[in-house]
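The next block holds one structure in the form of structure tokens; read it before the comments.
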Amino acid sequence: MRRTLYALLLPMAICSCTTKNDKKEENAGRMLNSARALMIEGNYAAAKDSILNMRILFPTAFEARTTGIVIMDSIELLAAQDTLAMTNSILQVEEKQLMQLETEKRRGHNAEYYKQRTNVFHLKQRVDELGAKVKFYLRKIEVDTQESNKNKE
């Protein structure tokens, strides 16, 4: 009697667990789709929040969490690319202003020139940092995607 009862209950327990997990994966997938839409719109903070909330609400939705890692990296990449583009355009304007100050020979009145040169130096550093960040996230997305594909096989 007991064996029969266990034989009947075991498949039911397994089926109930898979449907719960499927439901969690489905709900987590919806949150990821929402994050993707927000990312495409350029609302990076809200997209990050959506993924972080998905991680909190569905800690056992492992497939969705794996996909969420790649999406989070994509969000970081796009944000860094946007910031890099903006900083680079500011740098170009500041460099033109520095070149203009270099052409003026004003003995004893170089404070403005040195201040501008310092601003350009710091902007160049920031551009280099952002470029490294972009390269890092490009590589990280590539590695995470390969690992995700390996795990699926």
Side-chain angles (χ1 to χ4, degrees), residues 12-106 109-153:
M12 289 174 56
I14 291 172
C15 289
S16 67
C17 289
T18 56
T19 58
K20 285 182 186 176
N21 286 339
D22 290 344
K23 199 72 150 166
K24 288 179 183 179
E25 289 287 342
E26 184 180 325
N27 290 335
R30 285 190 196 119
M31 292 184 84
L32 289 177
N33 289 337
S34 170
R36 280 187 188 109
L38 290 167
M39 177 182 69
I40 290 168
E41 292 172 6
N43 193 348
Y44 304 126
K48 284 182 189 179
D49 289 343
S50 179
I51 291 176
L52 294 175
N53 287 335
M54 182 271 303
R55 289 179 181 172
I56 292 168
L57 294 174
F58 305 106
T60 57
F62 298 115
E63 290 180 29
R65 289 174 65 99
T66 303
T67 305
I69 291 169
V70 176
I71 294 172
M72 185 68 91
D73 293 343
S74 299
I75 293 167
E76 292 290 341
L77 173 65
L78 290 173
Q81 286 175 333
D82 288 352
T83 306
L84 177 61
M86 184 174 52
T87 306
N88 197 26
S89 65
I90 292 170
L91 175 62
Q92 289 174 359
V93 170
E94 294 292 324
E95 282 181 328
K96 283 181 185 176
Q97 193 173 12
L98 178 65
M99 291 170 113
Q100 186 178 21
L101 287 173
E102 283 177 344
T103 59
E104 297 174 5
K105 305 274 186 195
R106 299 180 346 172
H109 301 286
N110 293 333
E112 185 180 356
Y113 166 76
Y114 289 114
K115 183 179 177 184
Q116 187 65 25
R117 191 172 80 173
T118 302
N119 287 341
V120 168
F121 174 78
H122 290 295
L123 282 170
K124 284 181 180 179
Q125 279 187 322
R126 182 69 179 141
V127 166
D128 290 343
E129 290 169 3
L130 288 167
K133 188 175 184 179
V134 167
K135 286 179 185 176
F136 168 78
Y137 279 109
L138 284 170
R139 179 70 179 133
K140 186 169 185 320
I141 289 169
E142 182 181 321
V143 169
D144 288 343
T145 304
Q146 287 174 354
E147 285 182 20
S148 175
N149 292 338
K150 244 187 225 180
N151 292 337
K152 287 181 182 179
E153 291 175 354

Flag side-chain contact, heavy atom, 4.5 Å: [X] against [Y]:
X: Tyr113; Y: Leu98; answer: yes
X: Lys48; Y: Met39; answer: no
X: Ile69; Y: Arg55; answer: yes
X: Leu38; Y: Tyr44; answer: no
X: Glu104; Y: Leu101; answer: yes

So, [X] side chain and [Y] main chain: donor-acceptor pair closer than 3.5 Å or not?
X: Ser89; Y: Met86; value: yes
X: Thr66; Y: Phe62; value: yes
X: Asn53; Y: Asp49; value: yes
X: Ser74; Y: Val70; value: yes
X: Gln116; Y: Glu94; value: yes

Heavy-atom pair with the smallest gap, counting every atom of [X] and [Y]:
X: Val134; Y: Ala80; answer: CG2-CB, 3.9 Å
X: Ala47; Y: Ala35; answer: CB-O, 3.5 Å
X: Val127; Y: Leu84; answer: O-CD1, 3.6 Å

Point to revise | Stepwise salt bridge (Lys or Arg N to Asp or Glu O under 4.0 Å) check, Glu112 with Lys115 | key: CA-CA 5 Å; Glu112 185 180 356; Lys115 183 179 177 184; over 6 Å; no
Between atom [atom1] of [X] and atom [atom2] of [Y], what is the distance when rounded to the nearest 0.5 Å?
X: Arg139; Y: Ile141; atom1: CZ; atom2: CD1; answer: 12.0 Å
X: Met99; Y: Thr103; atom1: CE; atom2: OG1; answer: 9.5 Å
X: Ile75; Y: Arg36; atom1: CD1; atom2: CZ; answer: 10.0 Å
X: Leu130; Y: Phe136; atom1: CG; atom2: CZ; answer: 14.0 Å
X: Asp128; Y: Thr87; atom1: CG; atom2: OG1; answer: 11.5 Å

Exercise for review: Check the side chains of Arg30 and Asn27 for a donor-acceptor pair under 3.5 angstrom, ignoring hydrogens and angles.
Suggested key: yes
Review point. After noting the C-alpha distance and the side-chain angles of Arg117 and Glu102, does the key distance pass the salt bridge (Lys or Arg N to Asp or Glu O under 4.0 Å) rule?
Key: CA-CA 10 Å; Arg117 191 172 80 173; Glu102 283 177 344; over 6 Å; no
Exercise for review: Step through the shown structure and confirm whether more than 12 heavy atoms of other residues, nucleotides or ligands are within 6.0 Å of CD on Glu142.
Suggested key: yes
Point to revise | Enclosure of Glu95 CD (heavy-atom neighbours >12, cutoff 6.0 Å) | key: yes
Practice item. In plain terms, say whether Glu129 and Arg126 are close enough for a salt bridge, that is, a side-chain N and a carboxylate O under 4.0 Å apart. Key: yes
Practice item. Determine, step by step, whether Asp144 and Lys140 satisfy the salt bridge (Lys or Arg N to Asp or Glu O under 4.0 Å) criterion, reporting the C-alpha distance in whole Å, the side-chain angles of both residues, the deciding distance to 0.1 Å, and the verdict. Key: CA-CA 6 Å; Asp144 288 343; Lys140 186 169 185 320; 3.0 Å; yes
Check your understanding: Phe58 pairs by side-chain contact (heavy atoms from CB on, under 4.5 Å) with which of Glu25, Met31, Glu26, Arg65?
Key -> Met31
Practice item. Under the side-chain contact (heavy atoms from CB on, under 4.5 Å) rule, what do Asn88 and Leu123 come out as? Steps first, then yes or no, please. Key: CA-CA 8 Å; Asn88 197 26; Leu123 282 170; over 6 Å; no
